Number of protein chains: 2
Amino acid sequence: MSAGPAEAVDLGPLPGFMFYALRRAQLAVAQDIQRHFAADDIRPVQFAVLVVLHRNPGLRATRVALALGVKRTNFVPLFDGLVARGLVERRPVPDDRRAAALYLTEEGAGMLGRLERLVAQHEARFAARLGLEGRYQLMGLLHRLTESAFDSG
Amino acid sequence: MSAGPAEAVDLGPLPGFMFYALRRAQLAVAQDIQRHFAADDIRPVQFAVLVVLHRNPGLRATRVALALGVKRTNFVPLFDGLVARGLVERRPVPDDRRAAALYLTEEGAGMLGRLERLVAQHEARFAARLGLEGRYQLMGLLHRLTESAFDSG
DNA sequence: TATTGTTATACTCTATAACTATA
DNA sequence: TATAGTTATAGAGTATAACAATA
């Protein structure tokens with residue numbers, strides 16, 4: 001430790017920019033959820049894959065990747081990691097011998113159940129900071145920001 | 001193109017989780033600002049360095065890195081890139097021959113001015129989606145989320 | 001020809017360990 | 001001993017090009 005905090009760094013307009021505040025909030029929330037997932041060695045995107053396969057059993061790799069905003073090419077090693085841990089599996093598709101249908105295993109379903117409880121704890125922790133109405137407002141505002149990215153240039 | 005959108009993928013509870021909505025919104029905003037910065041070949045974190053040095057001329061590397069949430073070790077190549085482009089410079093510190101004082105160059109100040117106008121355009125675009133009150137609410141809510149990460153537990 | 005899945009590859013971001021020269 | 005800056009390195013995240021098997 002040094003003697004003190006010295007003078008605070010002046011961040012100027014940065015904290016008032018949405019891109020900066022969003023990045024800081026997203027990092028804070030992501031780090032918290034990663035702490036919750038650490039014991040199970042799962043990352044948020046892997047959790048998302050388990051959720052999607054639970055809701056859409058037999059989905060193809062390309063569609064899972066697209067839905068989650070992951071490139072098909074990067075989805076391969078991500079999914080391989082889950083296969084190696086016995087959480088998911090590829091099954092042949094009778095109609096199309098190029099493709100594979102993706103499924104949760106029983107073990108994967110069990111893991112998903114545990115992770116969902118961890119996420120619920122994590123969400124509750126942050127939601128408590130905002131209140132019911134604050135959380136509702138936040139989701140609406142974030143949704144509007146996300147939509148705006150796909151509008152006219 | 002295939003025949004149609006097939007069936008929509010069911011994302012289940014994902015869109016209702018704050019971590020997921022925050023990630024999507026942050027990506028949308030970051031991609032927009034990166035488009036604005038593309039012609040100048042500047043990334044958001046480089047812009048942040050220019051802002052901080054403009055507000056705190058002569059600051060040391062360690063303090064800039066800490067203020068922006070960048071590891072000291074990763075700050076070196078980041079700053080080197082800006083030096084190579086003549087936007088910033090290191091000057092010796094008389095009291096401490098280990099250290100360097102960091103400054104914007106004139107060219108860096110000019111670049112900062114241009115970038116600030118681009119950021120203003122970007123912010124206005126997204127702020128228009130939320131309205132004045134919506135933007136104010138968003139900043140408050142994000143601030144509360146960011147604070148919560150540093151609390152007990 | 002187009003599509004599914006895949007390999008190879010590269011660049012950025014992030015993180016840890018350890019070095020140097022000073023203090 | 002501790003600190004400022006740096007080097008080396010490794011792991012994720014993200015991107016493009018191109019291939020084999022199949023449609």
Side-chain angles (χ1 to χ4, degrees), chain A residues 1-6 9 23-24 26-28 30-31 33-35 37-38 41-49 58-84 88-102, chain B residues 1-6 23-24 26-28 30-31 33-35 37-38 41-49 58-84 88-103:
Chain A
M1 300 292 179
S2 66
V9 173
R23 180 183 131 89
R24 288 209 53 181
Q26 196 266 328
L27 279 177
Q31 281 168 10
I33 204 168
Q34 280 163 27
R35 272 196 298 275
F37 282 174
D41 194 22
I42 288 280
R43 274 157 296 147
V45 66
Q46 295 176 309
F47 167 71
V49 171
L59 210 60
R60 315 277 203 77
T62 297
R63 303 202 48 218
V64 178
L66 181 68
L68 296 179
V70 178
K71 301 266 173 201
R72 278 173 313 168
T73 183
N74 295 326
F75 184 76
V76 178
L78 167 61
F79 195 78
D80 284 345
L82 295 173
V83 171
V88 296
E89 60 183 357
R90 294 176 170 96
R91 295 188 205 159
V93 174
D95 309 3
D96 187 339
R97 281 167 41 192
R98 294 171 304 182
L102 308 185
Chain B
M1 298 294 177
S2 65
R23 181 183 130 88
R24 289 209 53 181
Q26 195 266 325
L27 279 177
Q31 280 167 10
I33 204 167
Q34 281 162 28
R35 272 195 299 273
F37 282 175
D41 194 23
I42 288 280
R43 275 157 297 150
V45 66
Q46 295 176 310
F47 167 72
V49 170
L59 210 60
R60 315 277 203 75
T62 297
R63 300 201 50 215
V64 177
L66 182 68
L68 296 179
V70 178
K71 301 266 174 200
R72 277 174 312 169
T73 184
N74 295 327
F75 184 76
V76 178
L78 166 61
F79 196 78
D80 283 346
L82 295 172
V83 170
V88 298
E89 61 184 357
R90 296 176 170 97
R91 296 186 204 160
V93 174
D95 309 3
D96 187 340
R97 283 167 41 192
R98 294 170 305 181
L102 308 185
Y103 291 90

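All of these numbers come straight from a predicted model, not from anything done at the bench. The sequence lines fix the lettering, A, B, ..., with proteins before strands; numbering per chain opens at 1.
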Problem - Spacing of Asp95(A) atom CG relative to dA21(D) atom P, expressed in whole Å - result: 21 Å
Problem - Residue pair Ile33(B) / Pro44(B): nearest heavy atoms and the distance that separates them - result: CG2-CG, 3.8 Å
Handout entry: Given DNA chain D, 5'-ward residue of the pair Val70(A) and Arg60(B), judged by closest heavy atom
Key = Arg60(B)
Handout entry: Any Arg97(B) side-chain nitrogen or oxygen under 4.0 Å from OP1 or OP2 of dT22(C)
Key = yes
Completion exercise
Sequence neighbours excluded, the answer for side chain to side chain donor-acceptor pair (under 3.5 Å) partners of Arg90(A) is Asp80(A)
Handout entry: Along DNA chain C (nearest heavy atom to each residue), the more 5'-positioned of Arg98(A) and Pro77(A)
Key = Arg98(A)
Handout entry: Length of the NZ-P vector between Lys71(A) and dT6(C), whole Å
Key = 18 Å
Fill in the blank from the handout: Closest non-hydrogen atoms of Ile42(A) and Phe37(A), given as atom of the first, atom of the second and distance, are O-CB, 3.0 Å
Practice task
Would you indicate, yes or no, if dA8(C) has its OP1 or OP2 atom less than 4.0 angstrom from a side-chain nitrogen or oxygen of Thr73(A)?
Solution key: no
Exercise for the section: Choose from dT7(D), dA15(C), dG5(C) the nucleotide whose nearest atom is closest to any side-chain atom of Asn74(B). Expected result: dA15(C)
Handout entry: Pairwise 5' ranking along DNA chain D for Ala61(B) and Leu27(B), keeping only the more 5' one
Key = Ala61(B)
Practice task
Select base, sugar-phosphate, or nothing to describe what Asp80(B) touches, counting heavy atoms under 4.0 Å on all strands.
Solution key: nothing
Exercise for the section: May I ask you to evaluate whether Arg72(A) reaches the phosphate of dA18(D), defined as a side-chain N or O under 4.0 Å from OP1 or OP2? Expected result: no
Exercise for the section: Would you kindly compare Leu102(A) and Arg23(A) by the position of their nearest DNA chain C nucleotide and give the one closer to the 5′ end? Expected result: Leu102(A)
Exercise for the section: Could you check whether Asp96(A) gets within reach of a base, just the sugar-phosphate, or nothing at all, counting any heavy atom under 4.0 Å? Expected result: sugar-phosphate
Exercise for the section: State, to 0.1 Å, how close Gln26(A) and Gln26(B) come at their nearest heavy-atom pair, and which atoms those are. Expected result: OE1-OE1, 3.8 Å
Problem - Interatomic distance, Arg91(B) CZ vs dG5(D) P [rounded to whole Å] - result: 15 Å
Exercise for the section: Measure across Val49(A) and Phe75(A) and return the closest heavy-atom pair with its distance rounded to 0.1 Å. Expected result: CG2-CE1, 3.9 Å
Handout entry: Minimum-distance nucleotide to Arg43(B) side chain [options: dC13(C), dT7(C), dT3(D)]
Key = dC13(C)
Exercise for the section: For Arg63(A) and dG5(C), give me the distance from atom CZ to atom P, rounded to whole Å. Expected result: 11 Å
Exercise for the section: Report the distance from atom CD of Gln34(A) to atom C1' of dA12(D), rounded to the nearest whole Å. Expected result: 10 Å
Problem - Interatomic distance where CD belongs to Gln31(A) and C1' belongs to dC13(C) [whole Å] - result: 13 Å
Practice task
Rounded off to whole Å, could you give me the CZ-to-P distance for the Phe75(B) and dT3(D) pair?
Solution key: 20 Å
Fill in the blank from the handout: From CG of Leu66(B) across to P of dA4(D) the rounded distance in Å is 11 Å
